[in-house]
There are 2 protein chains.
Amino acid sequence: MRRDSRLSGVLHVLLHMAQQAGPFTSETLAKAMDTNPVVIRRIMAGLRELGYVRSEKGHGGGWRLACDLSKVTLRDIYAALGSPSLLAMGNRTEAPGCLVEQAVNAALDQAFHDAEALLLARLGEVTLAMLGDDLRKRLGSRKIHHISAHGA
Amino acid sequence: MRRDSRLSGVLHVLLHMAQQAGPFTSETLAKAMDTNPVVIRRIMAGLRELGYVRSEKGHGGGWRLACDLSKVTLRDIYAALGSPSLLAMGNRTEAPGCLVEQAVNAALDQAFHDAEALLLARLGEVTLAMLGDDLRKRLGSRKIHHISAHGA
DNA sequence: CCATCATGTAACATATAAAGTTACATGAGG
DNA sequence: CCTCATGTAACTTTATATGTTACATGATGG
């Protein structure tokens, strides 16, 4: 499959939501992300369960942020997605009887584990608020490109 | 797709080869790895190009180690496989026009890059000889389980 | 010279997982 | 009670590692 881009995608959504008020429908967000509303609902479901966002049905419904952006890190969001595997590589066999394979696994596991730990640590250092600050810096004098709230 | 296990697989092969002399046919190695001879040839092709192993056709042919095991690291082997992507996650869009996406990418790229660098560094610290030493330690008093050179 | 063995490689098949899509149920307004 | 929006199951598409088949190439031994 291609590389998992859910974290990238959901962060994009959250950051857009942090730039303007009001509920966003899945359709609106999907248009901004050039994808499908169901995909949005899917990646947002885990965040809703952990209370990072709220959703409401019916007229005037949609998604809203429901957390302190300075308290939620990228690692939290990653966890809300179900903590998908970080590495594209793995061992051929997890619990091998072959001692050769055990030796190989031990060496690789060490490296893999260290890399995963560092990645999680880095993600844990960045809050959504910090992402927002960085975005505002990038915007500079430029006007914020708000996504249109009512379709194209 | 499942996680890439080529590095794990090829290391297994190399370590087996380091335990006994003589050429190994792809079929013999495939049996030990419970896979297909063509898969063996495929993952060994890159190593042959870099001179880590040699292959010969015809009677008495097969694969032989052709390098100083104390000079070749797991990172070298990884590179010989064509440096496949290390991380299972990536950015939704690599060169986005959207500033929001740029901010997200910047934060993720930082974390991704650090993790990849650490993983490569760790792989670069381990030589094939070190793997062999570790294997001998694991074998202890036990007899080495040589793979049978002529089928079953 | 030629039968056999082994690699080299293209082509095709399978498996898995993310992403995209369709369809329909549920519930909130107005 | 009609419309809007989420919730979710089911299916399709796509990408990629892995598995398999088929056949070409070249080396060895008789």
Side-chain angles (χ1 to χ4, degrees), chain A residues 1-10 12-13 17 22-31 33-49 53-64 66 78 81-93 149-151, chain B residues 1-10 12-13 17 22-31 33-49 53-64 66 78 81-93 149-151:
Chain A
M1 98 238 19
R2 51 266 233 202
R3 285 162 88 179
D4 185 341
S5 66
R6 280 175 292 180
L7 181 57
S8 171
V10 75
H12 190 165
V13 167
M17 290 174 71
F24 302 83
T25 68
S26 301
E27 196 180 341
T28 300
L29 294 172
K31 283 216 175 82
M33 303 270 300
D34 195 38
T35 181
N36 192 288
V38 177
V39 174
I40 299 292
R41 295 190 189 115
R42 208 141 58 189
I43 64 178
M44 295 290 273
L47 277 69
R48 183 186 51 228
E49 277 172 37
V53 296
R54 261 195 298 268
S55 65
E56 278 177 32
K57 297 179 175 177
H59 287 271
W63 300 90
R64 286 177 193 278
Y78 162 76
L81 294 176
S83 303
S85 54
L86 296 170
L87 298 181
M89 316 188 60
N91 291 323
R92 231 171 47 91
T93 309
H150 297 291
Chain B
M1 97 248 7
R2 50 263 231 208
R3 284 162 87 179
D4 185 341
S5 66
R6 279 175 292 180
L7 182 57
S8 170
V10 75
H12 190 164
V13 168
M17 291 173 71
F24 301 83
T25 68
S26 300
E27 195 180 342
T28 301
L29 294 172
K31 283 216 175 82
M33 303 269 301
D34 195 38
T35 182
N36 193 289
V38 177
V39 174
I40 300 292
R41 294 189 192 117
R42 207 140 60 187
I43 64 179
M44 296 288 274
L47 278 69
R48 182 185 52 226
E49 277 172 36
V53 297
R54 261 196 297 269
S55 63
E56 278 177 30
K57 296 179 175 177
H59 287 271
W63 299 91
R64 286 175 193 278
Y78 162 76
L81 295 176
S83 303
S85 53
L86 296 171
L87 298 181
M89 316 188 60
N91 291 322
R92 230 171 46 91
T93 309
H150 297 292

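Below, chain A is the first sequence line, B the second, and so on; all start at residue 1. Since this is a predicted model, take the numbers as computed values, not measurements.
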> Report the distance from atom CE of B/M89 to atom C1' of C/dA19, rounded to the nearest whole Å.
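My rounded result for the distance is 14 Å.
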
> Return the residues of residues 38-48 of chain B meeting this criterion: a heavy atom under 4.0 Å from some atom of DNA chain D. Order them by number, or give none.
B/V38, B/V39, B/R42

> Is there a side-chain contact between B/R6 and the phosphate of D/dA17, meaning an N or O under 4.0 Å from OP1 or OP2?
yes

> Please determine if a side-chain N or O atom of A/S26 lies less than 4.0 Å away from the OP1 or OP2 oxygen of D/dA5.
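So the side chain of A/S26 is outside the cut-off, no N or O lying under 4.0 Å from OP1 or OP2 of D/dA5.
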
> First locate atom NE2 of B/H12, then atom CG of B/L29, and finally report the distance between them rounded to the nearest 0.5 Å.
9.5 Å

> To the nearest angstrom, how far is B/R54 atom CZ from D/dA27 atom C1'?
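Rounding to the nearest Å, CZ of B/R54 and C1' of D/dA27 are 16 Å apart.
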
> Does a nitrogen or oxygen in the side chain of B/S5 sit under 4.0 Å from OP1 or OP2 of D/dT18?
yes

> Any side-chain donor paired with an acceptor under 3.5 Å for B/S8 and B/S5?
no

> Separation of A/N36 atom CG from D/dT8 atom C1', in whole Å?
13 Å

> For a quick test of your reading: what N or O donor-acceptor pairs under 3.5 Å do the side chains of residues 35-42 of chain B make, sequence neighbours left out?
residue, atom, partner, partner atom, Å
B/N36, OD1, B/V38, N, 3.0
B/R41, NE, B/S26, OG, 3.3

> Return the value, rounded to whole Å, for the distance between atom CE of B/M33 and atom P of D/dT20.
14 Å

> Rounded to whole Å, please give me the gap between CH2 in B/W63 and P in C/dA6.
14 Å

> Given C/dG8, is OP1 or OP2 found less than 4.0 Å from the side-chain N or O atoms of B/S55?
yes

> Within less than 4.0 Å of OP1 or OP2 of D/dA5, is there a side-chain N or O belonging to A/T25?
no

> For A/E49 and D/dT6, what is the distance between atoms CD and C1' respectively, to the nearest whole Å?
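Computing the A/E49:CD to D/dT6:C1' distance gives 14 Å.
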
> Write down the distance between CG (B/L7) and P (D/dA17), rounded to a whole number of angstrom.
14 Å

> Please examine the side chains of A/P84 and A/R6, heavy atoms only from C-beta on, and report whether any two atoms are closer than 4.5 Å.
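In contact.
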
> Taking all atoms of both residues into account, what is the closest heavy-atom pair of A/P23 and A/R64, and its distance?
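In terms of heavy atoms, the two residues are closest at CD-NH2, 3.2 Å.
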
> Indicate yes or no: at least one non-hydrogen side-chain atom of A/Y78 is less than 4.5 angstrom from one of A/L86.
yes

> Any side-chain N or O of B/R2 less than 4.0 Å from the OP1 or OP2 oxygen of D/dT18?
no

> Determine whether a donor-acceptor pair (N or O, by modelled atom type, separation under 3.5 Å) exists between the side chain of B/R48 and the backbone of B/R54.
no

> Distance check needed: C/dA18 C1' versus B/R92 CZ, whole Å only.
14 Å

> Taking for each residue the nucleotide of DNA chain D with the nearest heavy atom, is it A/P37 or A/H59 whose nucleotide lies nearer the 5' end?
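Looking at DNA chain D, the more 5' nearest nucleotide goes with A/H59.
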
